[in-house]
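Handing you a structure now.
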Amino acid sequence: DTHIQEIDDGVYDSFSPIEEAGVDYGRIEVGLSTETILSALQHSQKRFAAIASIELFLSILLSVLLGSYLVRRLNKFKEASKRLSIGEVGYQIEAVGNDEIGITAKMFNRMSLRLRDSLQEIKSKNKFLKEEIGKRQEAETQLVQHRDNLASMIKQKTLQVRRSEAMLKMILDSMPY
């Protein structure tokens, strides 16, 4: 037998000739039972299949656990983004760890706080500007009233001056020279 696949009697047969200086003295034959080899091979194959199955199961389990953990953390971002989009500026999410998601959560929280602060500053400035506009509109209204009053007074004084001029002219015209 030259290969284990060629064995048909359960014994692996091998031989080697014994010769010296070209003289053939015979040969040595050895026969080994393949039962123990085949049994060990089958046992190894079963163990390999069991180990591979366990590794596959553990890989799937770890993938499911890691996937659900990541999905839960990403859902927190989804919820936070939804709250931010409806105007809940300053909303914070739990920032755990220094991995990519933890760092992104910290940056999201910083962005949300800056957005809140910017919005508060804009509201404060808008309130100040509305007050200033109100004050200026009031001042403009008062200026228009004063202008109208002055125009009325100028008309009255102009009318009085014309009457006085007319009276003075009558007096001067009635005087003999």
Side-chain angles (χ1 to χ4, degrees), residues 1-20 24 26-144:
D1 301 324
T2 56
H3 295 315
I4 201 159
Q5 292 89 357
E6 297 175 356
I7 299 173
D8 56 2
D9 59 356
V11 176
Y12 177 71
D13 300 310
S14 183
F15 67 91
S16 180
I18 302 174
E19 51 183 73
E20 181 66 39
D24 189 13
R27 70 183 196 175
I28 294 179
E29 292 185 9
V30 176
L32 298 172
S33 172
T34 58
E35 182 180 324
T36 55
I37 295 172
L38 291 174
S39 174
L41 186 60
Q42 286 176 345
H43 180 69
S44 294
Q45 287 174 339
K46 287 179 183 176
R47 288 184 82 187
F48 176 74
I51 290 171
S53 297
I54 291 170
E55 285 179 353
L56 181 63
F57 172 75
L58 289 175
S59 294
I60 291 170
L61 180 65
L62 183 61
S63 295
V64 167
L65 291 174
L66 184 59
S68 65
Y69 173 72
L70 290 173
V71 166
R72 270 195 316 270
R73 290 182 75 186
L74 289 174
N75 278 336
K76 290 180 182 180
F77 279 104
K78 179 182 169 187
E79 176 65 23
S81 297
K82 190 185 294 183
R83 287 183 175 215
L84 204 59
S85 72
I86 61 171
E88 223 178 295
V89 291
Y91 184 78
Q92 300 287 290
I93 57 177
E94 183 180 357
V96 178
N98 287 324
D99 60 350
E100 287 80 4
I101 294 178
I103 291 169
T104 304
K106 289 173 187 173
M107 291 186 330
F108 178 91
N109 288 341
R110 222 175 290 141
M111 176 193 69
S112 181
L113 289 175
R114 291 177 83 185
L115 203 60
R116 182 197 63 198
D117 293 344
S118 295
L119 188 60
Q120 285 175 347
E121 185 178 347
I122 288 170
K123 285 180 179 179
S124 174
K125 287 182 179 180
N126 277 346
K127 182 181 177 188
F128 172 77
L129 289 174
K130 284 180 182 178
E131 289 171 358
E132 278 297 309
I133 289 170
K135 289 176 185 177
R136 290 178 186 214
Q137 285 174 337
E138 178 67 28
E140 185 180 348
T141 302
Q142 288 176 1
L143 282 173
V144 167

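Given the structure is predicted, the values throughout are model-derived calculations rather than measurements. The analysis underlying the following values was restricted to heavy atoms, covering all of them including side chains, and did not include hydrogens, waters or symmetry mates.
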> When rounded to the nearest 0.5 angstrom, what distance separates CD in Gln92 from CZ in Arg110?
Replying inline: 10.5 Å
> Does atom CD of Glu20 have more than 12 heavy-atom neighbours, drawn from other residues, nucleotides or ligands, at distances under 6.0 Å?
Replying inline: no
> Should Arg136 and Glu140 be marked as a salt bridge (Lys or Arg N to Asp or Glu O under 4.0 Å) after you check the CA-CA gap, both sets of side-chain angles, and the distance that decides it?
Replying inline: CA-CA 6 Å; Arg136 290 178 186 214; Glu140 185 180 348; over 6 Å; no
> Do other residues, nucleotides or ligands put more than 12 heavy atoms under 6.0 Å from the CD atom of Glu131?
Replying inline: yes
>> Determine whether Thr104 and Phe77 satisfy the following criterion, side-chain contact (heavy atoms from CB on, under 4.5 Å), listing intermediate values before the conclusion.
In response: CA-CA 9 Å; Thr104 304; Phe77 279 104; 3.8 Å; yes
> CG/Leu115 to CZ/Phe108 distance, rounded to the nearest 0.5 angstrom?
Replying inline: 9.0 Å
>> I'd like to check Leu74 versus Lys78 (side-chain heavy atoms, cut-off strictly below 4.5 Å). Are they in contact?
In response: no
> With distance as the sole test, does Ser112 use its side chain to make a donor-acceptor pair with the main-chain N or O of Tyr91 at under 3.5 Å?
Replying inline: yes
> Taking all atoms of both residues into account, what is the closest heavy-atom pair of Gly90 and Leu84, and its distance?
Replying inline: N-CD1, 4.2 Å
>> Within this structure, what is the CG-OG distance for the pair Asn126 and Ser124, rounded to the nearest 0.5 Å?
In response: 9.0 Å
> If every non-hydrogen atom of Ala95 is compared with every non-hydrogen atom of Asn109, which pair is closest and at what distance?
Replying inline: CB-ND2, 4.1 Å
Determine all donor-acceptor pairs shorter than 3.5 Å in which one atom belongs to a side chain in residues 51-70; sequence neighbours excluded.
{"residue": "Ser53", "atom": "OG", "partner": "Ala49", "partner atom": "O", "Å": "2.8"}
{"residue": "Ser59", "atom": "OG", "partner": "Glu55", "partner atom": "O", "Å": "2.9"}
{"residue": "Ser63", "atom": "OG", "partner": "Ser59", "partner atom": "O", "Å": "2.8"}
{"residue": "Ser68", "atom": "OG", "partner": "Val64", "partner atom": "O", "Å": "3.2"}
{"residue": "Ser68", "atom": "OG", "partner": "Leu65", "partner atom": "O", "Å": "3.0"}
{"residue": "Tyr69", "atom": "OH", "partner": "Arg73", "partner atom": "NH1", "Å": "3.0"}

>> Nearest 0.5 Å, please: how far is NZ in Lys127 from NZ in Lys130?
In response: 10.5 Å
> Quick check: are there more than 12 heavy atoms from other residues, nucleotides or ligands sitting under 6.0 Å from CD of Glu35?
Replying inline: no
>> Once rounded to the nearest 0.5 Å, what's the spacing between atom CD1 of Ile133 and atom CD of Glu138?
In response: 14.5 Å
> What distance separates Asp9 CG from Thr34 OG1, expressed to the nearest 0.5 Å?
Replying inline: 7.5 Å
> Counting only heavy atoms not in Ile86, do more than 12 sit closer than 6.0 Å to its CD1 atom?
Replying inline: yes
